[in-house]
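Beneath this line is the structure, given in C-alpha cells, with notes to follow.
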Amino acid sequence: MTEETPSNFIRDFIDEELASGVRDTVVTRFPPEPNGYLHIGHALAIQVSHGIATDYKGQFNLRFDDTNPAKEEDEYVQAIKKDLQWLGADWGENLFFASDYFDQLYDWAVFLIKEGLAYVDDLTPEEMRTYRGSLTEAGKDSPFRDRSVEENLEIFQQMRDGKFDEGKRVLRAKIDMAHPNLNLRDPVLYRILHARHHRTGDKWKIYPSYDFTHGQSDAIEGITHSLCSLEFESHRPLYNWFLENLPVPSKPRQIEFARLNVEYILTSKRKLLQLVTEGHVRGWDDPRMPTVSGFRRLGYTASALNEFCHRAGIAKRERVNEYSLLEYCLRQDLEGSAYRRMAVLNPIKVVIENFPEGETEWFEGPNHPGNPELGTRKVALTKEIFIEREDFMEEPPKKFFRLGPGREVRLRYTCYITCTDFVKDDAGNITEIRATFDPESRGGSTPDGRKIKGTIHWVSTTKNTPLEVRVYEPLFTKPNPEDVQEGQTFIDNLNPNSETVLTAYGETELSKVKPGDRFQFERKGYFAVDPDSNAKQIVFNRSTGLRDSWGKKQAK
RNA sequence: GGCCUCGUGGUGUAAUGGUAGCACUAAGGUUUCUGGUACCUUUAGUCGGGGUUCGAAUCCCUGCGGGGCUACCA
C-alpha cells in the first residue's frame, strides 16, 4: 500500500549529502526512553527512521535512552521491543543502550574538564535558575565557574564516588551564560542520582544528562542522521558543540521534524501514565489508549497504523490529523481480508410464525462477499431470532428500508420475512416482533423476482454464541483534549461514554475464535477478539464502525 | 522584550523560478443480498502588503499568525 515514497525535506537533505560525497552511508536510530509505552507518535518516528534506513540500504539501530534511572524500568524495555517488532521495524543485531556508554561518557566529561570546558557547580537548583537569566535577559556566571581544573577533577571524582547527597552538585559545560539560546547557558552534564539503574544497578552515583548523552551516543554508533522531534531544534547547537569539542569517532547530523498529532488523542507520556495510574483506563494497552499496544488490542493492524503514518507524512510545522484518516486506514486494510460474520448487539426477538417449532434450518453464507476463495460458513435459522432493535420501527419514515408493520425485508443469506404484528409491554416498549417468512424466498430471492430494498442481519435465539462486546468511542470529548477552562485539566475532558459494554449474540461460528482474531460484523463494523476472552466468555472490541451514510442522514 | 522555526482547499501532504496535484473529509449519483465495498461527479487552496523576474507557492523586504526554548526530564 505504501508503494511510492514522496520526497520530503529529510530525504532531500540526505540525497544532497550523498550526492556531494559528504557521506556514503545512512545509519538511523530510534531512541526511546524506557519510561512508558510507545504511542502513535512514536510509530511515525519509527517509520521515518526505519524507512529511511531501509530505503537507503543503510542501518537502523534501536537505542534505549536510559539516562534517568528514577523513571525507567525493564518492563518498558520489553514492551517497546515488542511494539517495534509488531510494527515491523527490525533492528537486527543493532540493539543498544545509552547506559552502555556511561564509561566513555565519563571519560569525555573528564576530557572537557581538562580542556577547561566544564566545571563543578555547587549552586542549588533554585540558584541556578536565577543565575540562568530569562528569555530576554542574559544570565550571570556562577561563582564556582572559575574553579581550577585540578579542583574540578577532584570534586567530580568525589561525585562519582558517591561522596555527596543527591542534588548537591552538578557538572556543567562552560559555554556562555549570556547566550540567546538558553540551552547554551552552561548546561548540566552530570547530576547526582542515588537511584538504582535497571541495567547498571548501583554502579553509578552520577548520571549524564540527555544533552550530554544523545549526540555522543549517536557518534559512537556511527549514526549519520539523528532524526528527532521539533522540540529539540534549540538543542541542536548544543548537540553540535559536544561533537566539536570532544574527540568523537563520527559526526552525526540532527534533523528535526514535527510530531504527529491526531484529534481526540493525547501523546504526552506523562499524561498517559496518569490515565493508567489513576485508573481511568484498563492499562497501557487499553483499547482507548493511543499506545501502539492499545491500538493493537483495539484491533488495528500494524499495516493500518503504518499506512496512517505514511499518509500523515512529515513536516516542520505542528499539525493535527483528523481521526477519520485513522479509521479510513483500518477499514481499507480490513475490508478485503476480514471474514464476515453476523452479530446482534442490541437484540429484539422476532418470532417467525410459520416456521416449524424446534427445527433448525442451516443456510450457507460466504465468508467474504467479494472473494469466494475465502469459502463459506453455515448459519442457523430457527423459529425465534434476534435482530437489531434499530432495524424495526413502529412508524417508519419513507426511506426506512428495514422492518416495520406490514413491511418485508430479507434476512441476510436466508429468506424474506414480513412483519405481521408486534408486542408492547406496559411501559410501551416493544418486546417482540411477529413475522412470517416466504418459503419461496429461501436462498435470498424469489421466482417472481421482486426487489427487496432492505437486508438485515440476524442471529438465532437458541443456536448462537453469547458475546460481550465493548464498543469504544474516543477517550476525550474534545478534538484537543488539552482544551480546558481555567482550573481544569485534560481529565475533565474524559469522555464518560468512551466504553460501552454490551451483551450481544453472534452466529454459532464465532464460538471458535481466539484473541486477536478480526471480523467484520456485517452492517456494524470491524471487531477484534480481546485478550480478556476465556472459555466462558468471548469478548469483542469494536475497532471501528462501518461508514454509515444512513445514520449520518438520520442525525441531521 | 530575546533567540529559533513554520505558514498551500475543512484536514493532511506534493509541486525544489515554468499548467497549484494527490489523499481524507463533506455533498450528490451509479452498482449492490452489508444504507458497507467499488466506481463517477461536485464544492474548495498558495496568510496580508510590497519588490525582483518574461514568469513567484517557491527568491527578497515587511506586516500578521502558529509552534518551540527560561528541568539537576527526555
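Letters go in sequence order (proteins before strands), and every chain restarts at 1. Note that the structure is predicted; figures quoted are calculated from it, not measured.
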Sugar-phosphate, base or nothing in reach of A/Leu230, heavy atoms under 4.0 Å: nothing

Whole-Å P distance, B/U31 and B/G9: 37 Å

Closest nucleotide among B/G2, B/U25, B/G35 to the A/Asp548 side chain: B/G35

Sugar-phosphate only, base, or nothing, as touched by A/Asp12 at under 4.0 Å among non-hydrogen atoms: base

Residue mapping more 5' on RNA chain B - nearest nucleotide basis, A/Thr136 or A/Pro208: A/Thr136

Atom-to-atom span, OH of A/Tyr323 to P of B/A23 - whole angstrom: 24 Å

Residue A/Arg523, side-chain heavy atoms: nucleotide from B/A74, B/U5, B/G35 that is nearest: B/G35

Under-4.0 Å side-chain N/O to phosphate OP1/OP2 contact, A/Arg319 with B/U13: yes

Basic-acidic side-chain contact under 4.0 Å: A/Glu17, A/Arg253: no

Touch class at under 4.0 angstrom, heavy-atom based, for A/Gly370 against every strand present: nothing

Selected nucleotide, minimal atom distance to A/Val188 side chain, candidates B/A74, B/C69, B/C72: B/C72

C1' spacing across the pair B/U19 / B/U25, given as an integer number of angstrom: 27 Å

A/Arg169 charged N/C atom sitting above A/Phe164 aromatic ring, 6.0 Å / 45°: yes

Earlier contact from the 5' end, RNA chain B, for A/Phe9 and A/Gly444: A/Phe9

For atom NE2 of A/His179 and atom C1' of B/U70, their distance in whole Å: 14 Å

Sugar-phosphate only, base, or nothing, as touched by A/Arg172 at under 4.0 Å among non-hydrogen atoms: nothing

Sugar-phosphate only, base, or nothing, as touched by A/Phe400 at under 4.0 Å among non-hydrogen atoms: base

N/O donor-acceptor pair, side chain A/Glu231 with base B/G67, under 3.5 angstrom: no

Touch class at under 4.0 angstrom, heavy-atom based, for A/Pro369 against every strand present: base

Touch class at under 4.0 angstrom, heavy-atom based, for A/Ser209 against every strand present: sugar-phosphate

Watson-Crick/G-U partner (both atom distances under 3.5 Å) of B/C64: B/G7

Pairwise C1' distance for B/C3 and B/U70, with rounding to whole Å: 12 Å

Rounded interatomic separation in angstrom, taking CG from A/Asn321 and C1' from B/U13: 9 Å

Spacing of the C1' atoms in B/G1 and B/A23 (rounded, Å): 44 Å

Stacked cation flag A/Arg160 on A/Tyr106, 6.0 angstrom / 45 deg: yes

Touch class at under 4.0 angstrom, heavy-atom based, for A/Arg410 against every strand present: base

Who pairs with B/C69 - Watson-Crick or G-U, where each distance is under 3.5 Å: B/G2

salt_bridge(A/Arg145, A/Asp186) N-O dist < 4.0 Å: yes

Nucleotide forming a Watson-Crick or wobble pair with B/C39, both distances under 3.5 Å: B/G29

Pairwise P distance, B/G12 and B/G50 [rounded to whole Å]: 28 Å

Within 45° cone of A/Phe97 ring axis and under 6.0 Å: A/Arg199 NZ or CZ: yes

No-H, no-angle donor-acceptor pair, A/Gln520 side chain to B/U34 base, under 3.5 Å: yes

Spacing of the C1' atoms in B/U43 and B/C47 (rounded, Å): 22 Å

Sugar-phosphate, base or nothing in reach of A/Arg412, heavy atoms under 4.0 Å: base

Test item: side-chain donor near acceptor, A/Asn61 and A/Glu221, under 3.5 Å: yes

Residue matched to B/C22 through Watson-Crick or wobble contacts both under 3.5 angstrom: B/G12

Lys/Arg cation over aromatic A/Phe9: A/Lys316, 6.0 Å, 45° cone: yes

Inter-nucleotide C1' distance (B/G45, B/A26), Å rounded: 16 Å

Sugar-phosphate, base or nothing in reach of A/Ala258, heavy atoms under 4.0 Å: nothing

Output field: ring centroids A/Phe540/A/Phe521 closer than 6.0 Å: yes

Sugar-phosphate only, base, or nothing, as touched by A/Thr67 at under 4.0 Å among non-hydrogen atoms: sugar-phosphate

Sugar-phosphate only, base, or nothing, as touched by A/Tyr207 at under 4.0 Å among non-hydrogen atoms: nothing

Touch class at under 4.0 angstrom, heavy-atom based, for A/Glu322 against every strand present: base

A/Tyr210 aromatic ring stacked with six-membered ring of B/A74, 5.5 Å and 30°: no

Touch class at under 4.0 angstrom, heavy-atom based, for A/Asp65 against every strand present: sugar-phosphate

Spacing of the P atoms in B/A20 and B/G29 (rounded, Å): 32 Å

